[in-house]
Number of protein chains: 2
Amino acid sequence: MATDEEAPQRPKRLTRAESKARTRELLLDAAAETFARKGYAGASVEEIAESAGFSIGALYSNFGGKQELFLALLESRASDRIAEAAQLIDGRQPDGTAAAGLGKLLIETADEDVAFESLRAEFWLYAVRNPESMATFAERVGESRDALTGVIARLLEGQGRGTDYPLQSISTVVIALFHGLVQLRRIDPGFVSEDLFERTLACLFTEATMTGVQLPGPSAEQSGSGENADD
Amino acid sequence: MATDEEAPQRPKRLTRAESKARTRELLLDAAAETFARKGYAGASVEEIAESAGFSIGALYSNFGGKQELFLALLESRASDRIAEAAQLIDGRQPDGTAAAGLGKLLIETADEDVAFESLRAEFWLYAVRNPESMATFAERVGESRDALTGVIARLLEGQGRGTDYPLQSISTVVIALFHGLVQLRRIDPGFVSEDLFERTLACLFTEATMTGVQLPGPSAEQSGSGENADD
DNA sequence: GTCTATATTTTGATAGAC
DNA sequence: GTCTATCAAAATATAGAC
């Protein structure tokens with residue numbers, strides 16, 4: 001008989017590496033939930049580990065520590081759902097469907113997925129306080145903005161008007177407005193009616209198409225990801 | 001001779017109550033700075049007290065503890081500078097001065113006053129995680145929005161168009177956009193050009209005046225401060 | 001690779017001197 | 001009213017068993 005160190009590559013269960021990778025993912029899931037609920041400083045590694053169904057030792061076996069775990073989360077999970085959702089919308093009818101879809105996304109995010117905006121706020125605060133990690137966060141945000149820019153470009157194209165100059169400015173405004181309104185609606189739903197985002201987007205896009213995209217920012221060019229002024 | 005317990009009401013130096021009030025204010029200042037820099041959970045009462053030039057005991061003599069100190073800060077310092085600035089702008093020329101002034105405020109806030117948006121993020125996260133304090137935060141935000149609404153009303157009035165229906169929606173959008181853009185510019189100044197806010201505001205106001213304020217939200221009415229959906 | 005037990009440090013909060 | 005000294009709890013991180 002061969003020892004069990006030679007052949008068991010078949011899916012008898014899980015490879016050692018696969019098992020470790022799964023543990024890593026479960027720990028990242030638990031970390032996302034716990035950091036969102038308690039904050040970076042307020043969450044303990046013990047709570048994260050237990051919430052994932054593991055011990056502290058398992059966490060330290062997979063990550064260097066609390067900070068490294070948070071940074072791994074920042075790198076792997078800091079992309080913005082507004083860009084993902086916009087890409088799903090991409091290819092739809094060129095009428096108001098897109099704005100309506102984003103409006104619905106905002107209400108769902110504010111009312112149901114409490115963790116999302118909290119975790120993003122934690123990412124932002126951590127990056128502001130630890131400038132060496134800001135580049136990573138900026139990268140993720142930039143990717144999301146670029147994805148959204150592409151969607152908006154095809155959208156305006158479908159409406160038959162200019163798609164050139166300051167589209168990145170438009171997507172920046174959309175992202176800023178999205179997060180700002182999500183936060184305000186969590187403060188008080190009465191502040192942000194269910195159709196406020198959709199209506200504002202319609203206003204922005206109308207102005208964009210009517211003036212040939214003349215609204216925000218043809219003066220100063222937008223770089224893909226500029227330098228940070230922190231460190 | 002009269003004992004020194006009877007007459008010394010004259011401004012020999014500071015009354016006992018005045019001295020205590022001054023200590024309170026200094027502690028609140030230090031708390032604002034420290035909570036902004038380290039976060040609620042990350043800041044220690046020792047650091048706050050020392051930063052104010054007092055001992056831990058003095059802090060506990062003036063506040064019930066860390067949580068009570070933070071809540072006192074939330075109640076006394078959570079108003080929004082965008083509303084204050086708008087009121088300063090109030091009464092100016094009815095041309096683009098207002099939008100330009102707010103645009104300048106955004107760049108200054110993002111680039112120079114790091115603590116402001118960080119502390120607001122801490123207020124938001126604390127209130128999201130401690131729903132019993134959300135009403136207080138919502139009150140401050142509502143006051144700021146109402147102040148801004150008044151300024152916008154007089155502004156549009158000066159431009160000669162409708163000032164009635166959804167002005168609160170407009171100020172809500174302005175506030176959301178302000179904070180969203182401040183956050184994005186701190187992530188990467190290249191994301192938010194210096195005139196993006198001003199241009200977007202001009203777009204919104206133009207649309208507002210041209211359509212007779214038809215843009216956001218004539219369908220759902222906005223209550224002054226509605227109920228929170230948390231507790 | 002994961003768990004249990006523990007060393008070390010730090011924190012919020014309190015007691016008593018002045 | 002403020003300071004100094006200190007307690008008790010909780011946290012990060014590590015060491016060694018399995």
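Lettering of chains follows the sequences in order, A, B, ..., and the numbering in each one begins at 1.
- Straight-line distance from the CD1 atom of I48(A) to the P atom of dT12(D): 8 Å, rounded to whole Å.
- E25(A) and R22(A) are not joined by a salt bridge, as no carboxylate oxygen comes within less than 4.0 angstrom of a charged side-chain nitrogen.
- Looking at heavy-atom distances under 4.0 Å, A52(A) makes no contact with the nucleic acid at all.
- Regarding F63(A), its CZ atom lies at a distance of 15 Å from the P atom of dT12(D), rounded to whole Å.
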Full working for side chain to side chain contact (heavy atoms under 4.5 Å, CB included) between R186(A) and V114(A): CA-CA 8 Å; R186(A) 270 209 64 77; V114(A) 187; 3.6 Å; yes
Report each atom pair, protein N/O against N/O of nucleotides 2-6 of chain D, whose distance is under 3.5 angstrom.
{"residue": "dT2(D)", "atom": "OP1", "partner": "T23(B)", "partner atom": "OG1", "Å": "2.5"}
{"residue": "dT2(D)", "atom": "OP2", "partner": "N62(B)", "partner atom": "ND2", "Å": "3.2"}
{"residue": "dC3(D)", "atom": "OP2", "partner": "S55(B)", "partner atom": "N", "Å": "2.7"}
{"residue": "dC3(D)", "atom": "OP2", "partner": "S55(B)", "partner atom": "OG", "Å": "2.6"}
{"residue": "dC3(D)", "atom": "O5'", "partner": "S55(B)", "partner atom": "OG", "Å": "3.2"}

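- A ring pair (Phe, Tyr, Trp, His ring centres under 6.0 Å) check over residues 103-154 of chain B, counting only residues at least two apart or in different chains, returns the pairs Y40(B)-Y126(B), F70(B)-F123(B), F70(B)-Y126(B).
- Checked by atom type, the side-chain pair Q168(B)/D146(B) shows a donor-acceptor distance below 3.5 Å.
- A17(A) comes within contact range of no nucleotide atom at all, as no heavy-atom separation falls under 4.0 Å.
- With salt bridges taken as basic N to acidic carboxylate O contacts below 4.0 Å, none links E122(B) and R77(B).
- Nucleotide dG1(C) holds its C1' atom 12 Å from the CG atom of L27(A), rounded to whole Å.
- If you measure from atom OH of Y60(A) to atom P of dT14(D), you get 7 Å, rounded to the nearest angstrom.
- Evaluation of the side chain to side chain contact (heavy atoms under 4.5 Å, CB included) rule for A31(A) yields F35(A), I48(A), L69(A), L73(A) as partners, not counting sequence neighbours.
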